[in-house]
Protein chains: 2
Amino acid sequence: MPIRSSRSTIVDVAELAGVSRQTVTRALNGLADVKPATRERVVAAARTLNYRPDRAAQSLVRGRRTTIGFVVDDLTNPYFAELGSALSREAAALGWSVLLCDVGSEADKGRAQLTTMTDAVDAVVMTGCRSDTFSMLPDEVVQGDGVRLPIVMIDGPEHPRLDARVDLDLAPAITAALDHLRRDGRRAIAFIDSTEGPDDRRTIHRDYLEAHGLPGREWPVVAGEETIAGGARAADDLLARVEGVDAVLVYNDVMAVGVLKALTGAGRSVPSEIAVIGIDGLELGRATTPELTSLAVDKGAVARAAIAAARSALEPVAGAQRGGSSSARIGLQLVLRGSA
Amino acid sequence: MPIRSSRSTIVDVAELAGVSRQTVTRALNGLADVKPATRERVVAAARTLNYRPDRAAQSLVRGRRTTIGFVVDDLTNPYFAELGSALSREAAALGWSVLLCDVGSEADKGRAQLTTMTDAVDAVVMTGCRSDTFSMLPDEVVQGDGVRLPIVMIDGPEHPRLDARVDLDLAPAITAALDHLRRDGRRAIAFIDSTEGPDDRRTIHRDYLEAHGLPGREWPVVAGEETIAGGARAADDLLARVEGVDAVLVYNDVMAVGVLKALTGAGRSVPSEIAVIGIDGLELGRATTPELTSLAVDKGAVARAAIAAARSALEPVAGAQRGGSSSARIGLQLVLRGSA
DNA sequence: GGTCGAACCGTGAACGTTCACGGAACTGAT
DNA sequence: ATCAGTTCCGTGAACGTTCACGGTTCGACC
């Protein structure tokens, strides 16, 4: 008997059990029309061969399952985790599956991960991507000469290749937050960003300051990394360089928590001396004292919009809307907790 | 021309472009031996039909990809998020994919999700599962008459069906933490659990108290839910019922952060009056003031062990070790930050 | 005009599983 | 002994794609 090095198939089991393919199928899938003795023989054969049905072959014949890939910079960031959670449930409601891909920091590994993901998936949902995850995509996917793998981008940079976008409606939200601060008599409202690259949140903030004749355009602060520690460093930096700041708007909640910590650590009381507002509305914001006021994102809504976008891009109807990238906007809500 | 309601296949494209399957393959996959004009015709046909290659058929013929399912109670818990992140990268190193499944609270939906997941996956990695996720698995999977889908459990309840376990080596770690507290002169060391069910951490704690003649066995505190708010409530409860507690060990970091907040909120200073130690070693523990001391879990190590276990369970070598469930133990490290 | 090589394209077969159908063997009653 | 009815099992075909091979066309060159 020749040694089969590769994985054993259903016919191997059939031969060993002395039956046909079909009987093996019946026996292993618990169908009727199999004599108990035969079933046992088949099961035993499957066990000794460590037989495992090929999922690809199964789903080929049983019908198509759609799988979407969820690409994140860093699942460790609770915002992305909450988003992934919502996406997983939303996809499940349609019978879809979600393939997770945490590309992380190392660009080369990220590339490899994305290639294996993209050819196992019917559509891609990317998010964040301030580090340019998009350019890590395999060339054949991004140029898409042949078949375009649908890509929907959540709150990330623009790109002609995208099939759909889900954006946060930041302008009214940030305006509301700043209005709130101004009503409280705050005048010196700084903004702490995560990187120096172009950023809607920062420009909205700056435009607001200009429109209302407030100071602060000259206080660009950059955390460098979207972590608690990064936020804390940025806050220390801000305190060291600027006098009289009485409010801070922060790029996201994770960094805002760091800011909060650094401020109280430096003896500034929050919110009486300095108010802090974050963006995302994470559960994490409940961990601090005072709790973090934030512009909350409805992650369920974002996930629903993303899934809907992927769905319509996958629609079998021949689209005259080729290249007509759809776009959804999700509002944010100012949730007042303790910090502002 | 009959209207095809289902998804279009490669032969549809071939017919529309007036070529053969193979030429379509060549054109769309960017291979050689296609005249530019023909390629364009094929691409155009694919576009109008919104053709999308069947991933199942592709991977059937191109070769097998292994996919593992990652089952979590709640990805919102940063511990599981960090674990998922590690798992994703570890799997990627082998060219594997990770299917995410956040079963959440609703048992019925969880059931449905798990069935669609389990038949798209070559192995399952479950974790947490204090809420009995295991019993949500479809019957044919859990009884596994025919082919056993490998299941590896991370730090969850025992079950004869499991193929492998990855456990946290809690006893020495918790002992180290309690030793540390005792060296600091703490005597009244409470434990805050998440549920009332059987739990290693609680029993290790109680055994330690007994062994060292410390009080506290009579202070069972249960948070109910593994959240910051749950931990806070539990701490309030503890303060209201017991006098003189000078240290608290908490089931996990998320709850411990809530405990920390409740204690400082109630005017107790940490760590001078009461020390707090959590379990998990999350980044979240850096958000508080003081930062949370914790028994840190190396999530990368856990993920590696889980992947390795799945790998060996999938090994094509006929195993005489059928049912011989492997088991790995991962140590924890006491990381001293501010709270103890 | 024949030969040769390149460029381009099509035809079976295969991947591993399940579905639809039909056939054999066995039962029990007429 | 015949028949009908179960019970059990096997044989082609199909799912949609790619691989290996072979064929045709075309131009160029002797």
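Model, not experiment: these values are computed from the prediction. So you know, we letter chains A, B, ... as the sequences are listed, proteins then strands, and number each from 1. What you see below is based on every heavy atom in this structure, not just the backbone, and it leaves out hydrogens, waters and symmetry mates.
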Original post:
Rounded to whole angstroms, how far apart are CD1 on I10(A) and P on dC15(C)?
Top reply: 14 Å
Original post:
Any sub-3.5 Å donor-acceptor pair from D167(B)'s side-chain atoms to R329(B)'s backbone N or O?
Top reply: no
**OP:** Please list, chain by chain and in numerical order, all residues satisfying side chain to side chain contact (heavy atoms under 4.5 Å, CB included) with A328(B), sequence neighbours excluded.
**Re:** A305(B)
Subject >> Atom-to-atom span, CD of E40(B) to P of dC8(C) - whole angstrom >> reply: 13 Å
**OP:** Among dG16(D), dA20(C), dC8(C), find the nucleotide with the atom closest to the side chain of L60(A).
**Re:** dG16(D)
Original post:
Heavy atoms under 4.0 Å, any strand shown: does D54(B) hit a base, just sugar-phosphate, or nothing?
Top reply: sugar-phosphate
Subject >> Proximal nucleotide (of dC8(C), dC8(D), dT11(D)) relative to the P36(A) side chain >> reply: dC8(D)
Original post:
Taking atom types as they are modelled, is there a donor-acceptor pair under 3.5 Å from the base of dG16(D) to the side chain of R7(B)?
Top reply: no
Original post:
With a 3.5 Å cut-off and just heavy-atom distances, do the side chain of R21(A) and the base of dT17(C) make a donor-acceptor pair?
Top reply: no
Compile the donor-acceptor pairs under 3.5 Å between side chains in residues 91-103 of chain A and protein atoms, sequence neighbours left out, one pair per line.
| residue | atom | partner | partner atom | Å |
| --- | --- | --- | --- | --- |
| W96(A) | NE1 | T66(A) | OG1 | 2.7 |
| D102(A) | OD1 | G104(A) | N | 3.3 |
| D102(A) | OD1 | R89(B) | NH2 | 3.0 |
| D102(A) | OD2 | L75(A) | N | 3.0 |
| D102(A) | OD2 | S85(B) | OG | 2.6 |

**OP:** Specify the separation, in whole Å, of atom CG of D122(B) and atom P of dT17(C).
**Re:** 12 Å
Original post:
Which residues satisfy the side chain to side chain contact (heavy atoms under 4.5 Å, CB included) test with V11(B), sequence neighbours excluded?
Top reply: T9(B), R21(B)
Subject >> Results of side chain to side chain contact (heavy atoms under 4.5 Å, CB included) for A301(A) - residues two or more places apart only >> reply: D298(A), R304(A), I330(A)
Original post:
Is there a donor and acceptor pair, one atom on the side chain of R52(B) and one on the base of dG16(D), closer than 3.5 Å?
Top reply: no
Side-chain donor-acceptor pairs under 3.5 Å in residues 29-43 of chain A, sequence neighbours left out?
| residue | atom | partner | partner atom | Å |
| --- | --- | --- | --- | --- |
| R39(A) | NH1 | A27(A) | O | 3.2 |
| R39(A) | NH2 | L31(A) | O | 2.9 |
| R41(A) | NH1 | A17(A) | O | 2.5 |

**OP:** For K35(A) and dA25(C), give me the distance from atom NZ to atom P, rounded to whole Å.
**Re:** 12 Å
Original post:
Heavy atoms under 4.0 Å, any strand shown: does V34(B) hit a base, just sugar-phosphate, or nothing?
Top reply: sugar-phosphate
Original post:
Hey, does T25(B) reach any base, or is it just sugar-phosphate, or nothing, if we go heavy atoms under 4.0 Å?
Top reply: base
Original post:
Under 4.0 angstrom, heavy atoms only, what part of the nucleic acid is V19(B) near: base, sugar-phosphate, or nothing?
Top reply: sugar-phosphate
**OP:** Please work out if Q22(A) contacts a base, only the sugar-phosphate, or nothing of the nucleic acid, heavy-atom cut-off 4.0 Å.
**Re:** base
**OP:** Starting from C1' on dC19(D), measure out to CZ on R26(B) and report it in whole angstrom.
**Re:** 10 Å
**OP:** Specify the angle, to 10°, made by the local axes at the two ends of the helix from dG1(C)-dC30(D) to dT30(C)-dA1(D) when five pairs are taken at each end.
**Re:** 60°
Original post:
What does T38(A) touch in the nucleic acid at a heavy-atom separation under 4.0 angstrom: a base, only the sugar-phosphate, or nothing?
Top reply: sugar-phosphate
Subject >> Gap between atoms CG and C1', on D12(B) and dT17(D) respectively (whole Å) >> reply: 13 Å
Original post:
Distance check: side-chain N/O of T23(A) vs OP1/OP2 of dG10(D), anything under 4.0 Å?
Top reply: yes
Original post:
Checking salt bridge (charged side-chain N to carboxylate O under 4.0 Å, His left out) for the pair D119(B)/R62(A): CA distance, chi angles, key distance, verdict?
Top reply: CA-CA 11 Å; D119(B) 65 36; R62(A) 291 219 251 237; 5.5 Å; no
Original post:
Rounded to the Å, how far apart are L31(B) CG and dC21(D) P?
Top reply: 17 Å
Subject >> Taking every non-hydrogen atom, the tightest pair across D54(A) and R7(A) >> reply: CA-NH2, 3.9 Å
Subject >> Spacing of D33(A) atom CG relative to dG5(D) atom C1', expressed in whole Å >> reply: 14 Å
